[in-house]
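A quick write-up on the structure given underneath.
No hydrogens, no waters, no symmetry mates; every other heavy atom, side chains included, goes into these values. For the single chain, residues carry numbers from 1 onward in sequence order.
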Amino acid sequence: MRIALLLFASFGLTTAEDGLAGWLRYAPVPEASSYHENIPSLVVPLNATEGLPVFTAAREIVDGINGMYSKSINVASARTHDDDPTITIGTISAYTKECGCLSDLPELIDDGYYIGILGSDVLILGQNERGVLYGAFHYLERLAQGDIPSTSFASNPHAPIRWVNQWDNLQDGGTHGSVERGYGGDSIFFWDGKVRDDLTRAGQYARLLASIGLNAVVVNNVNANETIMTEENMDGLAKIANEFRPYGIQLGLSLNFASPELLGDLDTFDPLDEDVIQWWQDATDRLYKRIPDMAGYLVKANSEGQQGPLTYNRTLADGANLFAHALQPHGGIIMFRAFVYDHENLNETLDWKADRANAAVEFFNGLDTAFEDNVVVQIKNGPIDFQVREPVSPLFAHLQTTASAIELQVTQEYLGQQCHLVYLAPMWKEVLDFDLRVNSEASAVSQIISGKRFSNTLGGSAGVVNVGLNSTWLGSHLAMTNLYAYGKLAWDPSANSVEMLQDWIRMTFSHDQEVIDVVTKMSMQSWPAYEDYSGNLGIQTLTDILLGHYGPNPGSQDGNPWGQWTRADADSIGMDRTVWNGTENAGQYPEEVYKMYENIETTPDNLLLWFHHVPYTHVLKSGKTVIQHFYDAHYRGSAVAQTFVSLWESLKDKIDPERYEHVLFRLVYQAGHSLVWRDSINTFYFNKSSIPDEAGRVGNHPYRIEAENMELEEYEPYLVSPFEAASGSHCIVTSDNATEGTAWARLGVETGTYNIAVNYYDQAIGNSTWKLFLDDDMVGDWKGDLEYTIGRAPSPYIDGQTAARITFRDVHVKEGSILRIVGTPDGKEPAPVDYVSILPMNVVD
């Protein structure tokens, strides 16, 4: 009997190019009509139930082929004529029951799929329903590339756990639906202490995740609010799970370890207390009654102020097993974070050998055989905290009986917060491919987390994604490459960074070769460039770690208990993590890796300052000194960032206006902020070391007019903190918050055409406005409203985080003209200005 086509009507495909559809736009493929005869016109879903993945797979095939190839697809419960080219989809068991056994079917594991090309017919089979949907999405992805599959193939996931962590706040100090370290708007799940009534975006998110092979979402912050476990919120969580279920996405939940005391009527949360054990069992049973397919729990304990088993002198295994026992009757998994360190007692000034990088191995030492079988230890890729470059966490080599999963950060917390283009797949590939040489045998991180290296049945990946209500999901169209690549690498760590990227470009933007080439070039240059202008040689990302984790502030790394130390002084820099003389972190690695890092001669230069404390004059393998490498790298990286603007502008007629302008705005911002990074870091280390730049660039800015040296009316100089966040250490601010200020200077440049750049500060405490004049003619005006348009963590301070730049191009300047800036304060923002640059054409400040 033919299934009514109405059931498979289009579901939310959008014509607006606002980013909401991500890579699932199903946009027309070039020369689509020439492929028509190679694409079947009938789809037969076997045993399809509305609300489950096989039904969804059929619906996606109908919409996808119609959108990409303008070909109508009929849906039927069975083939109507033997000669009708047909796409048959279903589980292996359903196919066997309906059609009999298929010879030569490759072995499939859970979530695996087979795409069979049988003449003009296509067969998409899954080991389970989720596998069917993954197969359908992969088939459509190939069609989206203009690649009609001609040979059969099978694909199995690399690991069973392919999760997403969302750091969405249920309720946090009145922030309603905020997302910690999220730069794409408010939570798609929560608002004002409860689950949202409208969960449309939750379903759309699940669709994106399923299309790249992911299978679960932990929906709330690891810094969990205990009220997530109220009856009302459990009911709400069940509604989220209902939105996920058609896409095979399971719901996971972060827990507050102290919930029995904070939410319940107990006076303890001791994991060995019988009442606590029963409290968690009862709560878990109530959750699974509402959500029978819940994936499990995620727990952060005894870290950064969070309570945990160590509060009661219990082990981390005691804590993890508390939840493991509660989940076992339901088949759930407990992901227990290895991000455990005691910041209250971590003090570099009292103990030269103190080292946060040692914490994970020290806390988990001796516990490898103590965890239940459904415990997976979730380990950040490096020992500190999602830095621009870290060595692989040594804990991966220490947990062999216990399954592990790698935690990667898609949201760019320390890496530009989606305001800077940073394509992360190449960095993740380096981590996944790294061979830890456990017992002198091949031990790639990817093989450890899959369970294959140590014969574990669990393991995989957890990506901290933190999408929001912004239509671009992450706040930036180009940042979606990272979500796409994360899913692809979780399924197959051997995936190629460039090939993934280019598949994404075709589906997201265009098949035009120039578009592919330009976006590929920018993206592949972006991580090296960001590393160059933020922090290199293994010194970490020299961002402000005390505030927004965004702008430059190298001095904030040291003299605090957070452990991201550089130990920089007037003569030397870097952490000594050797065994013979330092913190002994190198000794946490297996023998072969330890010997490499212990010896300064065999330590790669890009991790030199991670493992060794050296003079600024130490000569690298390149022949440069450490300090000269700093200067050169920061100039090199920021110069690359400038090229992103012109590269993107070359695509103006090839990208729809909405997305073109959105991306251009961010690339222009990045180009300006990379100069802030360059100058801040170079100035800081020049001031600290007193060693000049051999090229004479640092501190020498011939095109700048310092605002504090201009003639000022109702403006006054202000000493910026940290000093290096301003050119010349000062900016100007209005004398009060109610009166506009004027700064002017007579220009001594020759008459000609210039670009005029103004560096200013855009604080999140008002929306000042500025106007720029040449003589009596206004060159342009702007408003300090980046806190609404850029998505970075907001800041009230005048510093490297709020520093910004606006450039007016192709301005005709006469020698002797009066340049004048008029700043109007707003709220508590005093219209701050740092400097003005009069730049000859094709010159970067």
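Side-chain atoms of E708 and Y835 form no donor-acceptor pair, as typed in the model, at a separation below 3.5 Å. With 3.5 Å as the limit, one finds no donor-acceptor pair spanning the side chains of Y530 and Q412. Defined by atom type and a distance below 3.5 Å, a donor-acceptor pair is missing between the side-chain atoms of N755 and T807. Counting only N and O atoms by type, the side chains of N223 and E180 include a donor and acceptor under 3.5 Å apart. A donor-acceptor contact under 3.5 angstrom links the side chains of Q642 and S674, judged on distance only.
At a threshold of 4.5 Å between non-hydrogen side-chain atoms, the residues V464 and W167 count as touching. Contact check for N221 versus S254: no side-chain heavy atoms found under the 4.5 Å cut-off. In this structure, the side chains of Q557 and W565 stay at 4.5 Å or more apart for every pair of heavy atoms. Using a 4.5 Å heavy-atom threshold, the side chains of L774 and I756 count as touching. Residues N256 and N225 have side chains not in contact (no heavy-atom distance under 4.5 Å, counting atoms from C-beta outward). The closest side-chain heavy-atom distance from V758 to V833 is below 4.5 Å. Proximity of H673 to Y550: side-chain heavy atoms (C-beta onward) are separated by under 4.5 Å at one or more points. Looking at N347 and P561, their side chains never come closer than 4.5 Å, going by heavy atoms from C-beta outward.
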Tell me which donor-acceptor pairs under 3.5 Å the side chains of residues 821-831 have, and how far apart each pair is, sequence neighbours excluded?
| residue | atom | partner | partner atom | Å |
| --- | --- | --- | --- | --- |
| D826 | OD2 | N767 | N | 2.7 |
| E829 | OE1 | S768 | N | 2.7 |
| E829 | OE1 | S768 | OG | 2.9 |
| E829 | OE2 | Q763 | N | 2.5 |

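Taking the centre of each ring, F686 and F684 stay at or above the 6.0 Å mark. Taking the six-membered ring for Trp and the full ring otherwise, H420 and F644 have centroids separated by 6.0 Å or more.
Using a 4.0 Å cut-off between a side-chain N of Lys or Arg and a carboxylate O of Asp or Glu, D775 and K814 do not qualify as a salt bridge. With respect to R809 and E649, a salt bridge is recorded, a charged nitrogen being found less than 4.0 Å from a carboxylate O.
Remark: N553 CG to T543 OG1 distance equals 8.0 Å, nearest 0.5 Å. The distance from the CH2 atom of W191 to the CD1 atom of I188 is 14.5 Å, given to the nearest 0.5 Å. Taken from CG in D558 to OG1 in T566, the straight-line distance is 3.5 Å, to the nearest 0.5 Å.
D632 contributes no side-chain N or O that, together with a main-chain N or O of Y635, makes up a donor-acceptor pair within less than 3.5 Å.
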Chi angles and distances behind the side-chain hydrogen bond (donor to acceptor under 3.5 Å, both in side chains) call for Y341, E304: CA-CA 7 Å; Y341 72 98; E304 300 182 328; 2.9 Å; yes

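With D532 as reference, R636 is the one residue of R636, R389, R678 to meet the salt bridge (Lys or Arg N to Asp or Glu O under 4.0 Å) rule.
With sequence neighbours excluded, no residue forms a salt bridge (Lys or Arg N to Asp or Glu O under 4.0 Å) with E815. With sequence neighbours excluded, the residues that form a ring pair (Phe, Tyr, Trp, His ring centres under 6.0 Å) with Y685 are F630.
Among pairs with a residue in residues 705-742, none fulfils ring pair (Phe, Tyr, Trp, His ring centres under 6.0 Å), at least two apart in sequence or across chains. Among residues at least two apart or in separate chains, salt bridge (charged side-chain N to carboxylate O under 4.0 Å, His left out) pairs with a member in residues 831-845 are R704-D845, R805-D845. Screening residues 731-772 for ring pair (Phe, Tyr, Trp, His ring centres under 6.0 Å) gives Y760-W770, Y760-W782, W770-W782 as the qualifying pairs, with residues at least two apart or on separate chains.
Other residues, nucleotides and ligands contribute only 12 or fewer heavy atoms inside 6.0 Å of the NZ atom of K771. Within 6.0 Å of the CG atom in D197, the count of heavy atoms belonging to other residues, nucleotides or ligands does not exceed 12. Heavy atoms of other residues, nucleotides or ligands lying less than 6.0 angstrom from OH of Y669 number more than 12.
Smallest separation of non-hydrogen atoms from N233 and V195: OD1-N, 3.7 Å.
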